[in-house]
Amino acid sequence: MVARGFDDPGLVAGLVEKIASLDFKRAKLMEVCGTHTVSLAKHGIRSLLPKGVTIVSGPGCPVCVTSNSDLSLAFQAARSSGVTLVTFGDMMRVPVNGMSLQGLRAEGADIRVVYSPTDALSIPNDKEVVFFGVGFETTSPGVAALLRIAEQRGIGNLSIISCFKLIPPALRSLLEGGEVRVNGLILPGHVSTIIGVRPYRFIVDEFHVPCVIAGFEPVDLLTAIYVLLKMLRDGRADLVNAYTRSVTPDGNQEAGRLLREYFEPTEAEWRGIGSIPYSGLALREAHSHLDARLKLGLEPMSVPDAPGCRCAEVIRGSLLPTGCPLFSTKCTPESPLGPCMVTSEGTCAAYYNYG
Amino acid sequence: MRPTTTTGDTLDKINLEHGAGGKLSHDLLRSVFSSRYGNEYLERAADKAIIKLTGRRLAFTTDAFVMSPRNVPGCSLGALSVFGTVNDLLTCGARPLYLSSSFVIEEGFPISELEEIARDMASAARRCDVKIVTGDTKVVERGKADGVFIVTSGIGEVLSKANVSGSNAAAGDSVIVTGSVGRHGIAVMLARGEFGVTAEVESDCRPLSSSLLPVLRKYGPFVHTLRDPTRGGLATTLNEIAMESGASINIDEGKVPIEPTVRAACDLLGLDPFYLACEGVMVLVVRSQAESSVVRELRRRGAPKSIAIGSVKRSPKGRVSMTTSVGGKRYLGMLRGVSLPRIC
């Protein structure tokens with residue numbers, strides 16, 4: 001969003017100085033949002049931090065966490081005759097076993113790219129229109145709205161492949177796994193605008209990891225970093241909402257209602273993390289006529305990652321992109337081998353583009 | 001006068017016969033184009049021109065123009081096809097003189113719109129003091145082209161004091177831009193109306209002759225590089241200069257002029273203004289001692305937003321780095337793929 005003043009050089013300099021004055025030798029913070037990944041890189045925020053303070057990117061990029069088995073569903077739908085597959089543009093280039101939706105389209109599959117879910121309604125079509133639903137709590141309410149409109153208008157040829165994911169269960173899984181020891185979490189501003197503050201409570205109560213919900217401008221991010229380091233210095237672990245101009249304790253309740261009306265939590269497969277209980281969204285029984293899996297008989301298939309691809313570790317935040325031997329050699333934004341290099345919000349692409 | 005068929009009917013749509021090379025083709029040329037571009041060269045023959053030269057350095061350039069939609073705020077396809085080639089000639093340090101214009105027209109294209117394009121081109125040519133001295137039209141079947149494609153080529157005379165090239169940029173030089181970046185790219189994207197975003201952004205599409213020619217005449221030997229950051233935007237142009245010169249460029253993000261509306265549209269759509277096309281901005285690399293004089297001259301000559309945004313350094317070779325507006329450091333890479341709005 002447009003928020004001038006949140007990149008004010010004077011404010012930034014003050015925060016940088018305050019962070020430096022904490023004199024931290026070592027701290028590892030994690031953000032879990034593609035927009036944070038890009039903003040940190042784009043503004044060169046890391047170069048303003050003390051040497052020992054690192055920020056890693058966790059599973060916050062919707063394209064990156066979409067598993068090969070999720071993608072296999074979209075591939076099957078695209079290959080079915082009489083189907084128009086509708087997807088967000090970033091998914092087009094994700095390679096699975098040497099093929100991608102872009103490749104399928106070149107072979108003649110009817111695949112359309114939309115910018116907003118409801119754009120699917122304006123595709124004039126007598127075929128089955130299948131929306132490939134990926135993303136977090138930020139995208140799923142828009143798709144629920146699409147489904148509601150389709151039902152209200154009595155549109156019979158629209159269905160979705162629901163691969164939506166939920167952020168809090170993924171954080172739980174990461175923290176329980178213990179592989180990635182983070183000292184603090186920068187929580188996603190957009191997702192939190194939808195779900196509010198409460199769903200993160202368990203992180204401080206059960207894992208005692210300080211958390212700050214942050215916006216996307218330099219001042220937002222540096223404030224979050226300062227507050228996290230300050231809590232660490234003081235030996236506290238609180239949940240702080242530093243993005244109050246958008247995030248309320250209960251979130252966007254209308255979006256929440258819409259989500260609950262159409263979806264229920266289900267086990268979901270995350271690239272890099274594996275299967276996590278209640279971390280995905282499945283269509284409720286009452287709306288199963290909108291489920292493309294049932295309508296078209298789609299079956300998820302397990303497909304191995306490209307040999308040598310270490311996106312999984314990058315997504316868990318246990319490996320920096322520069323630590324992957326394929327990074328910028330065999331895997332570049334022009335010919336990506338893994339999803340983290342495909343989308344501009346992917347950690348590898350951000351490291352590649354902004355150095 | 002509209003072209004007529006062999007039976008004398010006036011036509012208001014392009015048909016395949018217009019491209020067949022017969023009378024209808026000639027009528028089309030005369031009625032739509034020659035009458036507007038009107039000069040002695042065109043009167044002799046439409047598809048060639050003989051221009052006298054002796055011992056002079058010439059710049060020769062060509063460019064194809066497609067734009068969808070064909071009119072966006074501040075820019076029409078016709079004007080762009082003249083200004084684009086004029087600006088290309090300027091990047092050679094040349095005074096633009098003669099242009100050609102070739103049209104690939106889709107069957108069914110309204111002749112009234114063709115006339116509008118020709119009118120725009122004629123007035124653009126007058127504004128730049130260039131003559132459109134030759135041209136061609138081809139008509140393709142319906143569905144084989146998106147309305148109309150225009151190719152213009154241009155010849156200019158390199159000014160005696162000018163010697164510009166990407167490889168001339170050298171450590172210590174200053175980098176100057178002549179206006180705010182990203183306007184054309186945003187104007188086109190918003191005009192397509194795909195994103196449900198409305199904002200008052202006008203394309204920067206314009207010729208830079210009146211700003212650059214005086215600078216070249218006065219400070220020619222100090223100007224090392226001239227580039228127009230069209231496709232790929234400022235970031236890509238700076239990378240090209242860095243690679244061609246083997247030097248490094250460092251720019252100060254906070255100094256690069258970006259209009260608030262462009263910035264707001266970019267924020268909303270997840271676009272980076274450094275990668276958006278400009279059609280009325282030039283990047284100059286000049287000897288540092290001439291920096292303030294060149295900036296002053298540019299500002300006086302119709303480019304009031306001209307400003308020095310950075311400098312050329314020795315290393316890291318071939319790369320562009322940026323001090324962000326909040327004081328951070330990062331690289332500024334080439335455009336990768338297509339500049340598309342963020343998805344989620």
Side-chain angles (χ1 to χ4, degrees), chain A residues 1-4 6-13 15-16 34-35 38 40-49 61-63 87-91 93 113-119 134-136 138-139 142 190 216-219 221-222 332-334 341-345 349 351-355, chain B residues 186 189-190 192-197 199 232-233 235-236 239 242 248 250-256 258-275 316 318-344:
Chain A
M1 260 312 180
V2 191
R4 289 304 118 201
F6 289 91
D7 60 356
D8 180 90
L11 280 176
V12 166
L15 281 162
V16 168
T35 313
V38 171
L40 286 167
K42 196 169 155 179
H43 296 289
I45 302 286
R46 284 187 182 87
S47 70
L48 299 171
L49 301 177
C61 154
V63 173
T87 175
F88 292 129
D90 279 18
M91 297 306 299
R93 296 177 63 219
V113 170
V114 292
Y115 300 103
S116 163
T118 44
D119 290 347
V134 297
F136 300 118
T138 37
T139 24
H190 292 145
F216 303 94
E217 300 296 325
V219 169
L221 286 162
L222 287 164
T332 62
E334 289 80 25
M341 193 59 100
V342 170
T343 163
S344 62
E345 297 204 337
Y351 270 70
Y352 189 97
N353 290 329
Y354 301 112
Chain B
I186 286 289
M189 235 173 256
L190 294 182
R192 286 182 187 162
E194 288 168 9
F195 309 119
V197 176
T236 303
N239 272 280
S248 173
N250 182 266
I251 64 160
D252 196 336
E253 183 178 28
K255 288 193 177 148
V256 179
I258 300 170
E259 283 188 5
T261 43
V262 169
R263 201 187 284 278
C266 282
D267 282 353
L268 277 169
L269 297 170
L271 293 169
D272 189 335
F274 288 99
Y275 294 91
R319 294 204 72 168
V320 179
S321 60
M322 179 155 88
T323 305
T324 67
S325 51
V326 297
K329 293 257 193 296
R330 69 155 163 107
Y331 284 113
L332 190 65
M334 299 272 275
L335 174 68
R336 309 272 160 195
V338 185
S339 215
L340 278 177
R342 164 180 62 219
I343 301 310
C344 26

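Quantities reported herein were computed from a predicted structural model and do not represent experimental measurements. Just so it is clear, the values below take in all heavy atoms, side chains as well, and ignore hydrogens, waters and symmetry mates. Lettering follows sequence order; numbering is per chain, from 1.
Only the backbone of Ala41(A) comes within less than 4.5 Å of a heavy atom in chain B; its side chain stays farther off.
At least one donor-acceptor pair closer than 3.5 Å links the side chain of Tyr275(B) to the backbone N or O of Gly333(B). Under a 3.5 Å cut-off, the side chain of Asn239(B) and the backbone N or O of Leu332(B) do form a donor-acceptor pair.
Between chain B and the residues Pro9(A), Ala349(A), Ser47(A), Gly10(A), the largest count of heavy-atom pairs under 4.5 Å involves Ser47(A). When the candidates Val12(A), Leu11(A), Val38(A) are compared by the number of heavy-atom contacts under 4.5 Å with chain B, Val12(A) comes out ahead.
At a cut-off of 3.5 Å, with distance as the only test, no side-chain donor of Thr323(B) or Asp252(B) sits close to an acceptor on the other residue.
Under the 6.0 Å cut-off for aromatic ring centres, His190(A) and Phe216(A) qualify, their centroids lying closer than that.
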